[in-house]
Amino acid sequence: MSDQTTPATSPNGSGHSNDSGTGTGTGTGTGTELIGLIATSIRRERERSGLSMAELARRAGIAKSTLSQLESGAGNPSVETLWALGVALNVPFSRLVDPPRPAVRVVRAGEGPVTHSEHAEYAATALSSCPPNARRDIYRIEAQPGEARASDPHMPGTVEHVLIGAGRALVGPTEAPVELGPGDYVSYPGDAPHVFRALAPDTLAVIVMEHI
């Protein structure tokens, strides 16, 4: 899972700067079905955690009215807002966007639940969520040059693994990202600030989120 080696935006997990909880918003690959799934997932995880709507909104740094909209299926959340809610709920991002899947699953290019950054030309598609007793999620990333996706720390113990498929990108800890090209791989702590900045058009990557 987001410039100048030292990004100014808040993508892979911040989102606290935009209290509206919208922005570029959720992708339209699954349209209203995805919005409904997210609404149900947020409400389910909040109730499981025993948190009131006001307390979850406070922990995630968003307005209670925004959370109410999201839980009712009326909002269109950005990836930043969903990351903030995932951290506040102590669940992987994918728990909020990926429904249960059959044993054999194929995700074609252009399919799957997509969320977009509020600031960067960056879209994350959840390919595989973390099943029970496992500790990893897999995402396909599509990014364009411009503003970087700067990420707040994820849950403690998170490690990110990134493999570039096409294009080039600066990836890794905010203070010392590394430049990667096709076939290059890097891993780094996901529980510290980190960044993904595309350096070439149509940069594609796979990110594996490892949860300890």
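Quick caveat, the model's predicted, so the values are computed rather than measured.
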(message) What I'd like to find out is whether the side chain of E47 reaches to under 4.5 Å of the side chain of R43, using heavy atoms alone.
(response) yes
(request) Run the salt-bridge test on R46 and E71 with the 4.0 Å N-O cut-off and return the result as yes or no. (result) yes
(message) Please check this pair: side chain of T174 against backbone of H194, looking for a donor-acceptor N/O pair closer than 3.5 Å.
(response) yes
(message) Could you measure the distance from the CG atom of L51 to the CG atom of L56? Nearest 0.5 Å is fine.
(response) 6.0 Å
(request) Using the rule that two of Ile, Leu, Val, Met, Phe, Trp, Tyr join whenever any of their side-chain heavy atoms come within less than 4.5 Å, decide whether M53 and V91 are in one cluster. (result) yes
(message) Let me confirm one number: the CD1-CG distance from I42 to L89, rounded to the nearest 0.5 Å.
(response) 8.0 Å
(message) Ring-plane angle category for W83 and H154, please: parallel below 30°, perpendicular beyond 60°, tilted otherwise.
(response) parallel
(message) Is any side-chain heavy atom of Y139 closer than 4.5 Å to one of L127?
(response) no
(request) Walk me through it: do T66 and K64 pass the test side-chain contact (heavy atoms from CB on, under 4.5 Å)? (result) CA-CA 5 Å; T66 296; K64 181 182 176 182; over 6 Å; no
(request) Please report the closest heavy-atom contact between A84 and A60, naming both atoms and the distance. (result) CB-O, 3.5 Å
(request) Please report the closest heavy-atom contact between I207 and I141, naming both atoms and the distance. (result) CD1-CG1, 3.7 Å
(request) Could you list the residues that satisfy side chain to side chain contact (heavy atoms under 4.5 Å, CB included) with A166, not counting sequence neighbours? (result) L204
(request) Spell out, yes or no, whether V178 and Y122 are grouped together once hydrophobic residues are joined by side-chain heavy atoms under 4.5 Å, including indirect joins. (result) yes
(request) Kindly indicate whether the side chain of P113, heavy atoms from C-beta on, has any atom under 4.5 Å from the side chain of I38. (result) no
(message) For a quick check under 3.5 Å, do S187 and E160 share a side-chain donor-acceptor pair by atom type?
(response) no
(request) With the side chain counted from C-beta on, respond yes when T115 and L82 share a heavy-atom pair under 4.5 Å apart, and no when they do not. (result) yes
(request) Check whether any side-chain heavy atom of L85 lies under 4.5 Å from a side-chain heavy atom of L67, and answer yes or no. (result) yes
(message) Ignoring hydrogens, what is the shortest heavy-atom contact between L163 and G183? Give both atom names and the distance.
(response) CD1-O, 3.6 Å
(message) How close do P182 and G167 get, counting heavy atoms only, and between which atoms?
(response) CD-O, 3.2 Å
(message) Applying the side-chain contact (heavy atoms from CB on, under 4.5 Å) criterion to V171, which one of V186, L199, D184 satisfies it?
(response) V186
(message) Could you report the tightest heavy-atom contact between A123 and V114, atom names first, then the distance?
(response) CB-CG1, 3.9 Å
(message) Please find the pair of heavy atoms, one from V162 and one from Y188, that lie closest to each other, and give the distance.
(response) CG2-OH, 3.5 Å
(message) Just verifying a value: how many Å separate T125 OG1 and R140 CZ, rounded to the nearest 0.5 Å?
(response) 4.5 Å
(request) Using the test side chain to side chain contact (heavy atoms under 4.5 Å, CB included), find all partners of E121 that sit at least two apart in sequence or belong to another chain. (result) Q144
(request) Could you go through the side-chain contact (heavy atoms from CB on, under 4.5 Å) check for D152 and V87 one step at a time? (result) CA-CA 10 Å; D152 283 344; V87 170; over 6 Å; no
(request) Flag the pair S117 / E80 as yes when at least one side-chain heavy-atom distance between them is below 4.5 Å, and no otherwise. (result) yes
(message) If I take atom OG from residue S94 and atom CZ from residue R136, how far apart are they, to the nearest 0.5 angstrom?
(response) 8.5 Å
(message) Any side-chain to backbone donor/acceptor pair from D137 onto M209? Under 3.5 Å, distance only.
(response) no
(message) Could you walk me through whether T203 and E142 satisfy the side-chain contact (heavy atoms from CB on, under 4.5 Å) test, starting with their C-alpha distance in whole Å, then the side-chain angles of each, then the deciding distance to 0.1 Å, before giving a yes or no?
(response) CA-CA 6 Å; T203 292; E142 302 172 40; over 6 Å; no
(message) With a 4.5 Å cut-off on side-chain heavy-atom distances among I, L, V, M, F, W and Y, is there a chain of contacts connecting F93 to L37?
(response) yes
(message) What I'd like to find out is whether the side chain of M155 reaches to under 4.5 Å of the side chain of N90, using heavy atoms alone.
(response) yes
(message) Could you tell me if the side chain of S41 sits less than 4.5 Å from the side chain of V97, heavy atoms only?
(response) no
(message) As an exercise, state the distance from CD of E45 to OG1 of T40, rounded to the nearest 0.5 Å.
(response) 11.5 Å
(message) Could you go through T81 and E118, starting from their C-alpha distance and side-chain angles, then the distance that decides it, and tell me whether this counts as side-chain contact (heavy atoms from CB on, under 4.5 Å)?
(response) CA-CA 9 Å; T81 297; E118 295 174 16; 3.9 Å; yes
